[in-house]
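To start, the structure itself, in structure tokens.
Side-chain atoms are counted along with the backbone in the values below, which use heavy atoms only and exclude waters and symmetry mates.
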Amino acid sequence: MNNISIVGRLTKDVELSKTPTGIEYARFNVAVTSEFKTEDGEKKADFFPCIAWRENAKNISKYFKKGYPIGIIGSMNSRTYQKEDGSNQNIWELNVKNFSFVGSNDDKKAKDTSDLEPIDDDNLPF
């Protein structure tokens, strides 16, 4: 079984294209923060090249931009292409089956609760 799910952020804007037969596809990369840290204490990230097809491609290119968080379910697939120097290059891509909106595009706005009144537990109705 080949299933993978990731949650991360787009590293650049989505590139929407069409095959010679007119099928739309979108290419983009997602950075996923690792639980591991470097020797300097910085969090590491893994980068996943992704490809989405048809409606998924249209919707991802419409609603997601560089830096936006996204959840993806799909499969990892390898393919080989020939580079300009004639050598073959093997790459892995996450083939998107489904995607979801996660989090907020504006972390500061999502986390800023300084203007909220504190809750008094004694006055709750339950």
Side-chain angles (χ1 to χ4, degrees):
M1 185 179 306
N2 182 356
N3 288 314
I4 184 171
S5 61
I6 64 170
V7 175
R9 291 184 178 273
L10 272 70
T11 62
K12 62 181 182 175
D13 287 341
V14 178
E15 298 173 20
L16 185 63
S17 302
K18 288 185 180 181
T19 66
T21 59
I23 298 171
E24 289 184 304
Y25 66 96
R27 290 191 184 280
F28 55 96
N29 292 306
V30 176
V32 178
T33 304
S34 173
E35 61 187 69
F36 302 107
K37 294 182 180 181
T38 65
E39 291 178 9
D40 301 335
E42 297 289 321
K43 285 193 173 184
K44 293 172 51 175
D46 294 310
F47 298 89
F48 292 84
C50 301
I51 187 164
W53 296 91
R54 298 178 175 83
E55 289 302 314
N56 280 342
K58 286 188 227 177
N59 289 323
I60 289 171
S61 69
K62 181 177 179 179
Y63 294 110
F64 293 89
K65 302 281 185 238
K66 178 181 178 179
Y68 282 30
I70 189 170
I72 296 176
I73 296 173
S75 59
M76 292 302 296
N77 301 105
S78 66
R79 66 180 174 88
T80 303
Y81 70 93
Q82 195 169 52
K83 294 171 31 175
E84 288 181 15
D85 66 4
S87 64
N88 288 333
Q89 177 73 41
N90 187 40
I91 63 168
W92 285 88
E93 295 175 307
L94 196 162
N95 189 3
V96 178
K97 293 179 186 172
N98 201 350
F99 70 94
S100 60
F101 297 88
V102 294
S104 168
N105 298 333
D106 185 353
D107 282 343
K108 184 177 180 195
K109 188 183 270 185
K111 293 179 182 175
D112 183 11
T113 58
S114 61
D115 61 340
L116 297 177
E117 294 291 325
I119 297 174
D120 180 4
D121 290 342
D122 294 333
N123 292 328
L124 292 175
F126 48 90

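- In this structure, the side chains of Cys50 and Ile72 come closer than 4.5 Å at one or more pairs of heavy atoms.
- With sequence neighbours left out, Lys18 forms a side chain to side chain contact (heavy atoms under 4.5 Å, CB included) with Glu24.
- Leu16 has its side chain out of reach of Lys62: every pair of non-hydrogen atoms, C-beta onward, lies at least 4.5 Å apart.
- Counting heavy atoms from C-beta on, the side chains of Asn77 and Ser75 come closer than 4.5 Å.
- Contact between Gly67 and Arg9 at its shortest, heavy atoms only, is O-NH1, 2.5 Å.
- The shortest distance between side-chain heavy atoms of Lys65 and Leu10 does not fall below 4.5 Å.
- Annotation: ring pair (Phe, Tyr, Trp, His ring centres under 6.0 Å) contacts involving residues 72-103, sequence neighbours excluded, comprise Tyr63-Phe101, Phe64-Phe99, Phe64-Phe101.
- Taking each heavy atom of Ile51 and Glu93 in turn, the nearest pair found is CG2-OE1, 4.1 Å.
- Partners of Glu39 according to the salt bridge (Lys or Arg N to Asp or Glu O under 4.0 Å) rule, which considers only residues two or more places apart in sequence or in another chain, do not exist here.
- Residue Ile73 is not grouped with residue Tyr25 when hydrophobic side chains (ILVMFWY) are merged at heavy-atom distances under 4.5 angstrom, including chains of intermediate members.
- Partners of Val7 by side chain to side chain contact (heavy atoms under 4.5 Å, CB included), not counting sequence neighbours, listed by chain and number: Val102.
- Looking at residues two or more places apart in sequence or on another chain, you find a side chain to side chain contact (heavy atoms under 4.5 Å, CB included) between Thr11 and Asn29, Ala31, Phe47.
- Ile6 and Ile60 fall within the same hydrophobic cluster, defined by Ile, Leu, Val, Met, Phe, Trp and Tyr side-chain heavy atoms under 4.5 Å apart, directly or through other members.
- Checked by atom type, the side-chain pair Asp85/Ser87 shows a donor-acceptor distance below 3.5 Å.
- Side-chain atoms of Asp13 come within 3.5 Å of backbone N or O of Lys66 as a donor-acceptor pair.
- Between Asn2 and Met76, the shortest heavy-atom distance links the atoms ND2-O, 2.6 Å.
- Applying the side chain to side chain donor-acceptor pair (under 3.5 Å) test to every pair with at least one member in residues 41-54, sequence neighbours left out, gives no pairs at all.
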